[in-house]
Amino acid sequence: SGTFTYHFDTPVYKGTTALHTGLYINGEWVNPVQGSATADIINPANGKTITSVSVGTAADVDRAVVAAQNAYKTVWGLRCPGSARGRLLNKLADLVEEHQNELAALDALNIGKAFHTVLAGDIPFSIATLRYFAGWADKVQGKTMETNENKLAYTRHEPYGVVGQITPWNAPLLMVIIKIAPALATGNTIVLKPSEVTPLSALRIADLITEAGFPPGVVNIVNGYGLTVGAAIASHRQIAKVAFTGSAGVGRAIMRASTESNLKPVTLELGGKSPTIVFDDANLEQAVKWASMGIFYASGQACVAGSRIFVQESIHEEFLKRFTETAKALAGAIGDPFAQGSQHGPLISQAQLDRVLGYIEAGKQEGATLHVGGARHGNEGYFVQPTIFTNLKPDMKIVREEIFGPVACIIKFKTEEEVIEMANNTVYGLSCNVFSQNISRAIRVTHALEAGNCWVNCASTAEVGVPFGGYKESGIGREMGEYALDTYTQVKAIHVNLGLNL
Ligand code: NAD
């Protein structure tokens, strides 16, 4: 299969990367079974093609499943002690650390997020995730149950076997690591499909997986499109569980595929329309900064984006004034991810650019006030200005639907009761951010909000040891933390007769 070499010669990073562009199956680089289809990988900062990579089909998923089954039965799963799995995960963490600049550069190139942001955020979080789950690998254990004197009853938390994993484009490396680390720690083998738009760092990680010493077939990476490779994973009868991060629509398709095949358990991390609530007793300066980061981070392409910002009446004007200043400052820092000082990158694709501009148009048509921004920046790449809407109504499209772009809706509220109702008026339930120096109020409100991840006086700061996941239509199951282990293990109950004779 092919290779891709790229020389970064930029103001913030100089270095070379080299990776394979084929499919990583059974520890080897192979071409797709059928045909020689490739997908162009686009640099969203300028719209130009970076390289092209192989795309597989269902036949390649079959091949990967055979490799994963074989590895599970011979060298992994219950055949491999947890401590050995943990050592390999730690080794992979060391390699990611060693190659952190290169991996950060690959993601920055592929998604347009500033190099220093990836290096300071996604990369250390990826390394910490690998080390965290490495630590769990030899601590996954069942329980003994008291029953009666004639019986020994206990549980084992066993891996599923071969698990399928499907990841999105907005944090390519991190999404792959968050998926593979707990699955490997608990002894599963993997068939993973990265987003076809952003496979580069996943392909680079494959070589590091080999270098770390993982046996062939433990991790298989089949790049390809959702409707072919993704659908084949979701409906595969020999894949015992599937974990997905992406849009709600595809999440539904994956559940249907499970229903119609082998009823494999499905965990879903989907989208959101998360509220940020700022009470009049908040530290305003801090609330403005966090709220701005909460929506504009990664140009709004974050599942936890705080896209509906509710501000209490008496501070609304002052908040808006200061928030507008932060949006304008960001607009002045729009740029190539490898330029000095860039803080606001492009959207991932032309399709996403069209979608976000479509939402902005819908906002104007439905009568919201476009307060600032609202347009494409420049005519190269897919940049959109930080945008603020005010004078919003609950039934407007931009208030209800996930935009996945740098569009903040600022909404005025009067009372605590009212804002809880407004914030919960959504099909989503991924996260919320609450700002108040009255900690009792902040906690009371947080408990009343329908969201899986709640931040008090901060926003979107995840931790490797803390579970992450959604309420309502934002998902099923939890990633990260000890809770993630449950989604990669099944419980076996064992009853042993110690002396009951019939
Ligand atoms: P997407 O749903 O379009 O694609 C995600 C993945 O699913 C890709 O790998 C894609 O190829 C694959 N896919 C597409 N159709 C499929 C099918 N029919 N069967 C199987 N797989 C299929 O999402 P995206 O555009 O890559 O990412 C954006 C979305 O992801 C947003 O809605 C965002 O909120 C969500 N997201 C959620 C989280 C979270 O943790 N909750 C994190 C990041 C992104």
Side-chain angles (χ1 to χ4, degrees), residues 269-297 302-323 326 388-390 392-396 399-400 402 408-484:
E269 298 286 356
L270 308 175
K273 192 72 188 174
S274 297
T276 292
I277 301 176
V278 186
F279 285 101
D280 58 9
D281 57 4
N283 174 332
L284 195 60
E285 190 194 338
Q286 283 298 309
V288 167
K289 285 186 181 168
W290 283 108
S292 170
M293 190 274 274
I295 175 62
F296 294 133
Y297 180 81
C303 50
V304 290
S307 47
R308 295 179 299 145
I309 304 176
F310 298 95
V311 185
Q312 203 157 16
E313 206 171 34
S314 64
I315 57 159
H316 181 266
E317 201 174 317
E318 180 62 20
F319 179 92
L320 183 61
K321 186 171 139 258
R322 295 199 199 185
F323 192 82
T326 70
I388 302 172
F389 275 103
T390 56
L392 294 140
K393 303 253 162 6
D395 57 347
M396 288 177 176
V399 177
R400 280 185 293 112
E402 181 182 54
C409 291
I410 302 200
I411 302 162
K412 211 184 283 185
F413 74 91
K414 289 195 176 75
T415 66
E416 190 178 309
E417 297 68 39
E418 180 193 39
V419 77
I420 289 169
E421 199 168 314
M422 289 162 99
N424 285 338
N425 183 16
T426 167
V427 297
Y428 291 112
L430 190 57
S431 66
C432 63
N433 313 304
V434 178
F435 293 87
S436 166
Q437 294 197 85
N438 175 345
I439 202 70
S440 309
R441 160 140 88 182
I443 292 175
R444 187 168 63 231
V445 170
T446 301
H447 287 190
L449 293 174
E450 296 158 359
N453 313 288
C454 304
W455 281 281
V456 175
N457 293 327
C458 58
S460 312
T461 53
E463 304 289 341
V464 294
V466 180
F468 182 90
Y471 275 26
K472 293 155 87 177
E473 292 179 34
S474 287
I476 301 173
R478 293 295 175 268
E479 294 191 313
M480 307 308 301
E482 190 178 349
Y483 293 81

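Quick caveat: nothing in here was measured; it's all calculated off a predicted structure. We're numbering straight along the sequence, starting at 1. Below, each value reflects all heavy atoms present in this structure, side chains not excepted, and no hydrogens, waters or symmetry copies.
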Heavy-atom closest pair, residues [X] and [Y]:
| X | Y | answer |
| --- | --- | --- |
| M480 | V466 | CB-O, 3.2 Å |
| V399 | R308 | O-CD, 3.4 Å |
| L430 | G271 | CB-O, 3.9 Å |
| S307 | K273 | OG-CD, 3.5 Å |
| S431 | W455 | CB-CZ3, 3.5 Å |
| T426 | K472 | O-NZ, 2.7 Å |

Would you give the length of the straight line joining atom [atom1] of [X] to atom [atom2] of [Y], rounded to the nearest 0.5 angstrom?
| X | Y | atom1 | atom2 | value |
| --- | --- | --- | --- | --- |
| L270 | C303 | CG | SG | 9.5 Å |
| S314 | K412 | OG | NZ | 10.5 Å |
| L320 | I315 | CG | CD1 | 11.0 Å |
| E416 | I277 | CD | CD1 | 9.0 Å |
| E313 | F413 | CD | CZ | 9.5 Å |
| N283 | N457 | CG | CG | 8.0 Å |

Tell me if a side-chain donor or acceptor on [X] pairs with a main-chain N or O of [Y] at a distance below 3.5 Å.
| X | Y | answer |
| --- | --- | --- |
| E402 | G272 | yes |
| S292 | V288 | no |
| D280 | Q312 | no |

- request: Before accepting this row, confirm whether a basic side-chain N of the pair E318/R322 lies closer than 4.0 Å to the acidic partner's carboxylate O.
  value: yes
query: Around atom OH of Y297, are there more than 12 heavy atoms of other residues, nucleotides or ligands at under 6.0 Å?
result: yes
message: Quick check on E317: does its CD atom have over 12 non-hydrogen neighbours (other residues, nucleotides or ligands) under 6.0 Å away?
response: no
task: Give the C-alpha distance, both sets of side-chain angles, the deciding distance and a yes or no for side chain to side chain contact (heavy atoms under 4.5 Å, CB included) between E421 and N425.
output: CA-CA 6 Å; E421 199 168 314; N425 183 16; 6.0 Å; no
Residues T326, M293; criterion side chain to side chain contact (heavy atoms under 4.5 Å, CB included); working and verdict: CA-CA 9 Å; T326 70; M293 190 274 274; over 6 Å; no
- request: Report the C-alpha separation of F468 and E269 in whole Å, then their side-chain angles, then the decisive distance to 0.1 Å, and conclude whether the side chain to side chain contact (heavy atoms under 4.5 Å, CB included) test is met.
  value: CA-CA 9 Å; F468 182 90; E269 298 286 356; 3.7 Å; yes
query: Between T461 and W290, is any pair of side-chain heavy atoms under 4.5 Å apart?
result: yes
- prompt: Does some side-chain heavy atom of F279 sit less than 4.5 Å from a side-chain heavy atom of N438?
  reply: no
Partner set under side chain to side chain contact (heavy atoms under 4.5 Å, CB included) for A408, not counting sequence neighbours: I295, F296, I309, F323
